[in-house]
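Take a look at the structure below.
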Amino acid sequence: AGDEAWYQSTDRYDYADAVVIVQTDLHREAAGKPYRVMGLHAQVLTPEEAEDRLYPTVEGKGPLHWMVVLAGAASILTCVAGIVGAVFRKGVRGRWLWVLACLLGVGQFTFDWSTGFMNFHPIGVEILGAAYARGPSPTDPWIITLGFPLGALLFFAKRDVHRAWAVSWRRSQEGAR
């Protein structure tokens, strides 16, 4: 049963007032057998929609788009700061576990840049807390995915609790003298 093959072809046809994206899915069960069309999908877009899907634009985007971008930047910076703190701070117990925890963002908030559609999955992990990507088709939208930098925030909270405890302990020792 070797030589099974799947092929997918995506073609773009540009016209004056429309862009047509055609995706064809072909399957061959074995060598020497003919290919069968398993899927044929056509999508008609305006030239502006096609351009917006190919290249994320900032024109016509509202405050929500910018809040998502800022939240993504904040998540990445928090994760990186946590990693740097865990690696270079003296006296950190379980250093590499903290680095791993700071590397990941938990939960997945997804945002479609073109339409503004939002979705949340509580069970999910993002490396460095944020990402952006799009699917394999030229018509797939750009998606921004955010994760909550829980590990990094716990690292900072743990550090601050220990710092406050140390200051409190030193003051109590000075008062006892």
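Positions are given from 1 along the sequence.
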Discussion item. When you group the ILVMFWY residues by side-chain heavy-atom contacts below 4.5 Å and let the links chain together, are Val92 and Leu97 in the same group?
Written reply: no
Worksheet item: Linking I/L/V/M/F/W/Y whenever any side-chain heavy atoms sit under 4.5 Å apart, do Val106 and Leu100 land together?
Response: no
Worksheet item: If you take all heavy atoms of Asp3 and Arg28, which pair is closest and at what distance?
Response: O-NH2, 3.2 Å
Worksheet entry | OG1-NE2 distance between Thr145 and His121, expressed to the nearest 0.5 angstrom | 8.5 Å
Worksheet item: Can you find a heavy atom in the side chain of Leu45 that is under 4.5 Å from one in the side chain of Gln43?
Response: yes
Worksheet item: Under 4.5 Å between any side-chain heavy atoms of Trp6 and Met38, yes or no?
Response: yes
Worksheet item: Do Leu103 and Leu128 have side chains that get closer than 4.5 Å, going by heavy atoms?
Response: yes
Discussion item. Assess the residue pair Glu126 and Leu146 against the criterion (side chain to side chain contact (heavy atoms under 4.5 Å, CB included)); give the C-alpha distance rounded to whole Å, side-chain angles, the decisive distance to 0.1 Å, and a yes or no.
Written reply: CA-CA 7 Å; Glu126 281 301 316; Leu146 306 176; over 6 Å; no
Worksheet item: Is there a side-chain contact between Met118 and Val68, using heavy atoms and a 4.5 Å cut-off?
Response: no
Discussion item. I'd like to know if the side chain of Arg12 and the backbone of Val19 have a donor-acceptor N/O pair within less than 3.5 Å.
Written reply: no
Discussion item. Do Trp96 and Val87 make a side-chain contact, defined as non-hydrogen atoms from C-beta onward lying under 4.5 Å apart?
Written reply: yes
Item to complete: Look at the side-chain heavy atoms of Ile, Leu, Val, Met, Phe, Trp and Tyr, link any pair under 4.5 Å apart, and say whether Ile143 and Phe117 land in one connected group.
Response: no
Practice prompt. Give a yes or no on whether Leu64 and Tyr132 share a hydrophobic cluster (residues Ile, Leu, Val, Met, Phe, Trp, Tyr; joining criterion: side-chain heavy atoms under 4.5 Å apart).
Written response: yes
Worksheet item: Between Cys79 and Pro149, which heavy-atom pair has the shortest distance, and what is it?
Response: SG-CB, 3.7 Å
Worksheet item: With a 4.5 Å limit on heavy-atom distance, are the side chains of Asp17 and Thr46 in contact?
Response: no
Discussion item. Could you report the tightest heavy-atom contact between Gly151 and Trp98, atom names first, then the distance?
Written reply: O-CZ3, 3.7 Å
Worksheet entry | Rounded distance [0.5 Å steps], CG in Asp112 versus NE2 in His65 | 8.0 Å
Worksheet entry | Side-chain heavy atoms of Ile83 within contact of Phe155, under 4.5 Å | no
Discussion item. Taking atom CD1 as the centre, does Ile123 end up with more than 12 heavy-atom neighbours from other residues, nucleotides or ligands that are less than 6.0 angstrom away?
Written reply: no
Discussion item. Would you say that more than 12 heavy atoms from the other residues, nucleotides or ligands in this model lie under 6.0 Å from the CG of Leu154, or not?
Written reply: yes
Discussion item. Tell me whether Ser75 contacts the main-chain N or O of Ala71 through its side chain, where contact means a donor paired with an acceptor under 3.5 Å.
Written reply: no
Worksheet item: Within a reach of under 6.0 Å around CZ of Phe120, are more than 12 heavy atoms found that belong to other residues, nucleotides or ligands?
Response: yes
Item to complete: Check whether Trp142 and Met67 end up in the same hydrophobic cluster, where Ile, Leu, Val, Met, Phe, Trp and Tyr are linked by side-chain heavy atoms less than 4.5 Å apart.
Response: yes
Discussion item. Please find the pair of heavy atoms, one from Ala152 and one from Cys102, that lie closest to each other, and give the distance.
Written reply: CA-SG, 3.6 Å
Worksheet item: Does Arg95 reach the main-chain N or O of Arg89 with its side chain, forming a donor-acceptor pair under 3.5 Å?
Response: yes
Worksheet item: Is the Trp113 ring parallel, tilted or perpendicular to the Phe111 ring (thresholds 30°, 60°)?
Response: perpendicular
Practice prompt. Looking only at non-hydrogen atoms, find the nearest pair between His41 and Asp25 and report the distance.
Written response: NE2-OD2, 3.6 Å
